[in-house]
Amino acid sequence: SLAESVYSGNSGQYWSVRDMLNTGNVKWLPNMGLYTMEIVIYVFLAGVGLYVFLKQRDLTEYYMGGVIGLSVLFTVIIWLMGSRTRFKDTFYSYARFLEVTSDTVSDTAYMNIQAPYNRSHQSHLASGYWIKPVTQNYYGSGEEGARRKFTGMEGYTIRAGYFPEETVVEIQEVPAFDARYFQMNKVSVNTDGIGFEGDIEVDQGNYTGTITSHFKETLENCAVLLYGKLIYLGDMEPGVPCSLEGREVLTYPLNHSYQVAAYLSGQDGFEKADINDDAYLEAVAKTNVLTFYLENFMPDYSPNAKIIGVFSHKGESETYLLKNETAVGKTVAAADISVYSSEDEALYRSGLIKKPQVLGGSYDFASNMLYGGEPVTLEYSLGNDARIEKVMFRQVSPVFVKDDSVHNLNLFKGDIYFYNHSTGKFDLMDSTKIVYEGYELTPYLSPVNAITVKYVYENMTDYNLNVLLPMVEIVGREY
């Protein structure tokens, strides 16, 4: 496509955008049981039923006319039954992501435009958005994915016109129900003062404070996200403070967005997939947008907390994205809130800010995970800007790896060794211990606050395991 030639067509996001927007709505599916029952009734009436009825009355000469009459009647019935699930015009689905500060709103949306016919049609989108098609790359399968040379004489498939009151997208020569994806971007001044407001204090892994939502909508499945940490808040009403006091702090697996999203949406609470369950479908839709957000918008590391929540405009016109039409979708709203230490000059941070040096074994830093069939030895650089008072090794919370047969995730179970600089040997540590005090670390910390740790998983004979290592955290005092 021309989009692919000019700016790569967002092809790197094509499949994730497609999966996110193609959740579907089973309410638009016909009731196959009802249609089957009607066909059985028709076959019975047009066959044995009508013939026996007419023969008993010596009216068999009217049989063919009766069959034609029944055919017309049942055709009308089937047509009426399909009116609820029949698409009559262009329809839209979207996923929208708001990154909010006190001054600006960064608005990114992905829109799927489909029509039940193959003739040319127009979509009237809200003004102010910069629009780009999301397309496959050159090297897909078949003619559609093959690279083309453009001469400038070709007719268009998609054309966008920008006007003061609207943006018009015209689509032609596209098969019926063929999906066309678009990315919409806009940055505007936060004149309405939407966002999250609050303060968060941390004391050696314990978080306190209050957060207030200033969005107009009720936000669902809200959470506080830190690097490897999650505090679930639930639903937040506009203007109602939400306290962090007493809430569980979970440790989530890095680079496993689906597991985190499924927990936030509640999808992991369903025993099995059930497309006839509205609650399950709602959870799946939320999982899809949250997974996309975590993979594409969350920073690798930030000292701030990210507050997120989901909302949708149920049964209303999506006036944010479309001028007049309606759309189905969900919005993820997010904002940063600063995190402060409860004590002056106290330092609490992750020990994974800097990538550990791999001294042995196979280790994936992005996921903090060992794999393969051999022990892993890592040298953690904890930073020479502070006096280390404590080092903590926190396991990933079991809720994120329960029944994970797809990704084959496993919590670390086995032996942990610290390298002793005094003896030049590795000392076996208590693998169930979480917190190591500063005095216990004296022989293990180097002059530049580096600590070398060896992990020996209990089942090193299974080469297919993905083992999540503990998240390393430090408590210290700035020099």
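All figures in this text were calculated on a predicted structure; none of them were measured in a lab.
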### Message
With a 4.5 Å cut-off on side-chain heavy atoms, are Val339 and Leu226 touching?
### Response
yes
### Message
Using a strict threshold of under 4.0 Å (side-chain N to carboxylate O), is an ion pair present between Arg247 and Glu245?
### Response
no
### Query
Counting N and O atoms only, with roles assigned by atom type, does the side chain of Glu379 sit under 3.5 Å from a partner on the main chain of Val453, one being a donor and the other an acceptor?
no
### Gap between atom CG of Leu233 and atom CD of Glu220 - 0.5 Å precision
13.5 Å
### Message
Under a 3.5 Å cutoff, is there a donor and acceptor pairing between the side chains of Tyr348 and Glu473?
### Response
yes
### Query
Mind checking whether Tyr232 and Asn221 have side chains closer than 4.5 Å, heavy atoms only?
yes
### Query
So Glu197 and Thr212, side chain to side chain donor-acceptor pair (under 3.5 Å) or not? Walk me through it.
CA-CA 5 Å; Glu197 179 186 16; Thr212 303; 5.5 Å; no
#### Entry: Trace of the side chain to side chain contact (heavy atoms under 4.5 Å, CB included) decision for Tyr363 with Thr377
CA-CA 9 Å; Tyr363 172 72; Thr377 304; over 6 Å; no
## Note on the structure
Between the CG atom in Leu230 and the OH atom in Tyr263, the distance rounded to the nearest 0.5 Å is 6.5 Å
#### Entry: Flag if over 12 foreign heavy atoms under 6.0 Å of CZ, Phe270
yes
### Interatomic spacing from CG in Leu98 to OG in Ser188 - rounded to 0.5 Å
9.0 Å
### Message
Tell me if a side-chain donor or acceptor on Arg349 pairs with a main-chain N or O of Leu382 at a distance below 3.5 Å.
### Response
yes
### Criterion salt bridge (charged side-chain N to carboxylate O under 4.0 Å, His left out) on Lys330 and Glu282, from CA distance to verdict
CA-CA 10 Å; Lys330 297 195 177 297; Glu282 177 77 2; 2.8 Å; yes
### Side chains of Thr101 and Asp103, donor plus acceptor under 3.5 Å
no
### Message
Checking the side chain of Asn368 only, and the main-chain atoms of Leu469 only, is there a donor and an acceptor separated by less than 3.5 Å?
### Response
yes
### Message
Do Asn420 and Asp427 pair up side chain to side chain, a donor and an acceptor below 3.5 Å, judged on atom types alone?
### Response
yes
### Task
Decide, yes or no, whether a salt bridge links Glu440 with Lys433 under the criterion of side-chain N to carboxylate O below 4.0 Å.
yes
#### Entry: Side-chain (Ser93) to main-chain (Gly329) donor-acceptor, under 3.5 angstrom
no
### Query
Side chains of Asp19 and Ser16: closer than 4.5 Å at any heavy-atom pair?
no
### Message
Less than 4.0 angstrom from a charged side-chain N to a carboxylate O is my criterion; do Glu99 and Lys306 meet it?
### Response
yes
### Task
Kindly give the heavy-atom pair with the smallest separation between Ala223 and Leu264, and that separation in Å.
CB-CD2, 3.6 Å
### Message
Ring centres under 6.0 Å, that's the criterion: do Phe196 and Phe215 meet it?
### Response
yes
### Task
Give the intermediate values and the outcome of side chain to side chain contact (heavy atoms under 4.5 Å, CB included) for residues Ile307 and Cys222.
CA-CA 7 Å; Ile307 318 300; Cys222 298; 5.6 Å; no
### Task
Check the pair Arg96, Asp107 against side chain to side chain contact (heavy atoms under 4.5 Å, CB included), reporting the backbone distance first and the verdict last.
CA-CA 7 Å; Arg96 184 168 173 241; Asp107 188 343; 2.9 Å; yes
#### Entry: Shortest non-hydrogen contact from Ile194 toward Val100
O-CG1, 3.2 Å
### Residue among Phe292, Tyr94, Phe182, Tyr129 satisfying ring-ring contact (aromatic ring centres under 6.0 Å, His included) with Tyr110
Phe292
### Message
Between Thr287 and Gln267, is there a side-chain donor-acceptor contact under 3.5 Å, judged purely by atom types and distance?
### Response
yes
### Message
Applying side chain to side chain donor-acceptor pair (under 3.5 Å) to Thr104 and Asn190, what does each step give before you reach the verdict?
### Response
CA-CA 5 Å; Thr104 62; Asn190 190 1; over 6 Å; no
### Task
Can you see which heavy atom on Asp192 is nearest to which on Lys216, and at what distance?
OD2-NZ, 3.8 Å
### Summary
For Leu21 and Ala95, the nearest pair of non-hydrogen atoms, with its separation, is CD2-N, 3.5 Å
### Task
Could you grab the distance from atom CD of Glu201 to atom CG of Leu244, nearest 0.5 Å is fine?
10.5 Å
### Task
Tell me, with the steps shown, if Asp415 and Tyr455 meet side chain to side chain donor-acceptor pair (under 3.5 Å).
CA-CA 6 Å; Asp415 295 327; Tyr455 299 94; over 6 Å; no
### Message
Show the nearest heavy-atom pair for residues Ala261 and Thr291, with the distance to one decimal.
### Response
CB-OG1, 3.2 Å
### Query
If you measure from CG on Leu347 to CG on Asp385, what distance do you get to the nearest 0.5 Å?
6.0 Å
## Note on the structure
Ser243 and Thr210 have their tightest heavy-atom pair at CA-CG2, 4.1 Å
### Task
Establish, yes or no, whether a centroid distance under 6.0 Å links the rings of His421 and Tyr419.
yes
### Task
For the residue pair Gln114 and Tyr92, confirm or rule out a side-chain donor-acceptor distance under 3.5 Å.
no
### Query
Can we call the ring centroids of Tyr181 and Tyr14 under 6.0 Å apart?
yes
### Query
Is the gap between the ring centers of Phe393 and Phe418 under 6.0 Å?
yes
